[in-house]
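Heads up: the structure comes next, in structure tokens.
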Amino acid sequence: MPLVSMKEMLEKGKENHYAVGQFNLNNLEYTQAILQAAEEEKSPVILGVSEGAARYMGGFKVVVAMVEALIEEYGITVPVAIHLDHGSSYEACAKAIHAGFTSVMIDASALPLDENIAVTKKVVELAHFHGVSVEAELGRVGGQEDDLIVDDAEAMYAIPEECDRLVRETGVDCFAPALGSVHGPYKGEPNLGFDRMEEVMKLTGVPLVLHGGTGIPTKDIQRAISLGTAKINVNTENQINQTKAIREVLNNDLDVYDPRKYLGPGRDAIKETVIGKMREFGSSQKA
């Protein structure tokens, strides 16, 4: 099945009260594990790629070629979107689009509202011309994503009226309002702003996105989905579980040196984690 945009899968999720997981790619094993999990669970899936991860893997074109080759090799039948996560500029989004990405996020949340809207609108015009979906953000998701570190507590909660204006003036397909979630492991209990989430949903009407899905309790995930969240991003949990599996192999056998002997179990751990998340988000058997 060819790559698709996120638009239809997220609208279906919002309408039917489930969320599609965005699982970030870091190398070949992540791509294999996530695609295999999606096919086995008959779940739509979003492959997230940060700019840093794309550089690590050899560039946007290399990532697209790898994903498309595996889709063909595995005979994948479920909807798959490849999405630029936290695109830092119009130029980065344009490069991803021209490389074959089917979805992009423009993260201009560090800019004043008017500038955020202007940049996002420009990205939407280019993306929609190519049939590519667009995600935008307002407020700042806490923690660290690549080289970006956010620890301003007030900035971690978006203002609903500003969210409404951004969505209305830009025409984005989905929207990530910062509502207290963080990238990376949580320090203490997550404190999501559900009242603001509900207000943003009523004002904008578009599928909402929850960044920092690792470590959020299932009851909070379910509540977020009930309030219009249709995309939930997960990366850290996959990384932690992969590393744990690899470390266990290396600790148990000091003579092992064949990378397949430790990367294979690491891949299996990612796949198991993704399957668990798809079931938790309700996207299994929805393809």
Exercise for the section: Taking R196 for its side chain and Y157 for its backbone only, find out whether a donor-acceptor pair lies under 3.5 Å. Expected result: yes
Problem - Residue pair M1 / T77: nearest heavy atoms and the distance that separates them - result: SD-O, 3.2 Å
Practice task
Could you tell me whether a side-chain N or O of S133 sits under 3.5 Å from a main-chain N or O of M6, the two making a donor and an acceptor?
Solution key: yes
Problem - From OG (S5) to NE2 (H83), nearest 0.5 Å - result: 11.0 Å
Exercise for the section: Look at the side chain of T31 and the backbone N and O of N27, then say whether any donor-acceptor pair between them is shorter than 3.5 Å. Expected result: yes
Practice task
Looking only at non-hydrogen atoms, find the nearest pair between V209 and C174 and report the distance.
Solution key: CG2-SG, 3.9 Å
Practice task
Considering only NZ, NE, NH1 and NH2 on the basic side and carboxylate oxygens on the acidic side, decide whether K202 and E198 come within less than 4.0 Å.
Solution key: yes
Problem - Sidechain-backbone polar pair: N233 side chain, G212 backbone, donor-acceptor under 3.5 Å - result: no
Exercise for the section: Answer yes if the side chains of Q285 and S43 hold a donor-acceptor pair under 3.5 Å, and no otherwise. Expected result: no
Practice task
Determine whether V67 and L3 make a side-chain contact, defined as any pair of heavy atoms from C-beta on separated by less than 4.5 Å.
Solution key: yes
Practice task
Treat each ILVMFWY residue as a node, draw an edge where side-chain heavy atoms are under 4.5 Å apart, and state whether I232 and M197 are in one component.
Solution key: yes
Exercise for the section: Look up atom OG1 in T229 and atom CZ in F194, then write down how far apart they are to the nearest 0.5 Å. Expected result: 8.5 Å
Exercise for the section: Please report the shortest heavy-atom distance between L84 and A96, naming the atom on each side. Expected result: CD2-CB, 4.0 Å
Practice task
Ignoring hydrogens and angles, state whether a donor on the side chain of Q36 or Y74 is under 3.5 Å from an acceptor on the partner side chain.
Solution key: yes
Practice task
Check the hydrophobic clustering (I, L, V, M, F, W, Y; side-chain heavy atoms under 4.5 Å; chains of links allowed) and say if M105 and L166 are grouped together.
Solution key: no
Problem - Short side-chain donor-acceptor distance under 3.5 Å, T218 and E280 - result: yes
Handout entry: same_hphob_cluster(I270, L250) at 4.5 Å side-chain heavy-atom cutoff
Key = no
Problem - Closest non-hydrogen atom pair, V104 against C93 - result: CG1-O, 4.0 Å
Practice task
Flag the pair Q239 / Y30 as yes when at least one side-chain heavy-atom distance between them is below 4.5 Å, and no otherwise.
Solution key: yes
Exercise for the section: Tell me, yes or no, whether the heavy-atom count around R168 atom CZ, taken from other residues, nucleotides or ligands under 6.0 Å, exceeds 12. Expected result: yes
Exercise for the section: Could you tell me whether E125 and K121 have a side-chain N and a carboxylate O separated by less than 4.0 Å? Expected result: no
Completion exercise
By side chain to side chain contact (heavy atoms under 4.5 Å, CB included), N16 pairs with (sequence neighbours left out) K12, Y18
Handout entry: Heavy-atom neighbours of Y56 OH exceed 12 at 6.0 Å
Key = no
Handout entry: CD on Q222 to CG on L227, rounded to 0.5 Å
Key = 12.0 Å
Fill in the blank from the handout: Between the CG atom in N235 and the OG1 atom in T214, the distance rounded to the nearest 0.5 Å is 7.0 Å
Exercise for the section: Check whether any side-chain heavy atom of Q242 sits under 4.5 Å from a side-chain heavy atom of N238, and report yes or no. Expected result: no
Practice task
Could you grab the distance from atom OG1 of T102 to atom CD1 of I97, nearest 0.5 Å is fine?
Solution key: 10.0 Å
Practice task
Given side chain to side chain contact (heavy atoms under 4.5 Å, CB included), test V80 with V4 step by step and report yes or no.
Solution key: CA-CA 6 Å; V80 179; V4 298; 5.9 Å; no
Problem - Over 12 non-hydrogen atoms of neighbours within 6.0 angstrom of CD in E8 - result: no
Practice task
Take N24 and V49 through the test side chain to side chain contact (heavy atoms under 4.5 Å, CB included) and record every step on the way to the result.
Solution key: CA-CA 6 Å; N24 282 53; V49 183; over 6 Å; no
Fill in the blank from the handout: Taken in chain and number order and not counting sequence neighbours, the residues that satisfy side chain to side chain contact (heavy atoms under 4.5 Å, CB included) with E169 are I117, R165
Problem - Heavy-atom side-chain proximity of S103 to I46 below 4.5 angstrom - result: no
Problem - ring-ring contact (aromatic ring centres under 6.0 Å, His included) between F101 and F60, intermediate numbers included - result: CA-CA 8 Å; F101 277 54; F60 292 142; 5.1 Å; yes
Problem - Backbone of G266 reached by a side-chain donor or acceptor of E29 within 3.5 Å - result: no
Problem - Within-4.5 Å side-chain heavy-atom neighbours: L25 and M57 - result: yes
Problem - Connected via hydrophobic side-chain network under 4.5 Å: Y90 and L113 - result: yes
Handout entry: Validation row: V200, F175 side chains within 4.5 angstrom (heavy atoms)
Key = yes
Handout entry: Pairwise side-chain contact, I216 with L210, heavy-atom cut-off 4.5 Å (strictly under)
Key = yes
Exercise for the section: Please step through side chain to side chain donor-acceptor pair (under 3.5 Å) for the pair T273 and N241, ending with a clear verdict. Expected result: CA-CA 8 Å; T273 304; N241 290 339; 2.9 Å; yes
Practice task
Indicate whether the side chain of S50 and that of D85 have a donor and an acceptor atom separated by less than 3.5 Å.
Solution key: no
Practice task
Work out which heavy atom in S109 is nearest to a heavy atom in G139; give both atom names and the distance.
Solution key: CB-O, 3.0 Å
Exercise for the section: Give the intermediate values and the outcome of side chain to side chain contact (heavy atoms under 4.5 Å, CB included) for residues K277 and F23. Expected result: CA-CA 10 Å; K277 289 296 179 184; F23 303 98; 3.8 Å; yes
Handout entry: Donor-acceptor contact present, side-chain N116 to main-chain P112, <3.5 Å
Key = no
Exercise for the section: Determine the interplanar angle of the H86 and H211 rings, folded into 0 to 90°, and report it as parallel if under 30°, tilted if 30 to 60°, perpendicular if over 60°. Expected result: perpendicular
Practice task
Kindly compute the distance separating CD (E162) from CG (L203), expressed to the nearest 0.5 Å.
Solution key: 12.0 Å
Problem - Flag side-chain contact, heavy atom, 4.5 Å: V206 against K14 - result: no
Completion exercise
Residues passing the side chain to side chain contact (heavy atoms under 4.5 Å, CB included) test with H17, sequence neighbours excluded, are none
Exercise for the section: Count the heavy atoms of every other residue, nucleotide or ligand shown that sit under 6.0 Å from CD of E40, and state whether that count exceeds 12. Expected result: yes
Fill in the blank from the handout: Scanning both residues in full, the closest heavy-atom pair of I275 with A37 reads CG1-CB, 3.7 Å
Exercise for the section: Please indicate whether K286 has more than 12 foreign heavy atoms, meaning atoms of other residues, nucleotides or ligands, lying under 6.0 Å from its NZ. Expected result: yes
Handout entry: SB check E135 K231 (cutoff 4.0 Å)
Key = yes
Practice task
Establish whether L126 and I82 are linked, either directly or via other cluster members, by ILVMFWY side-chain heavy-atom contacts under 4.5 Å.
Solution key: yes
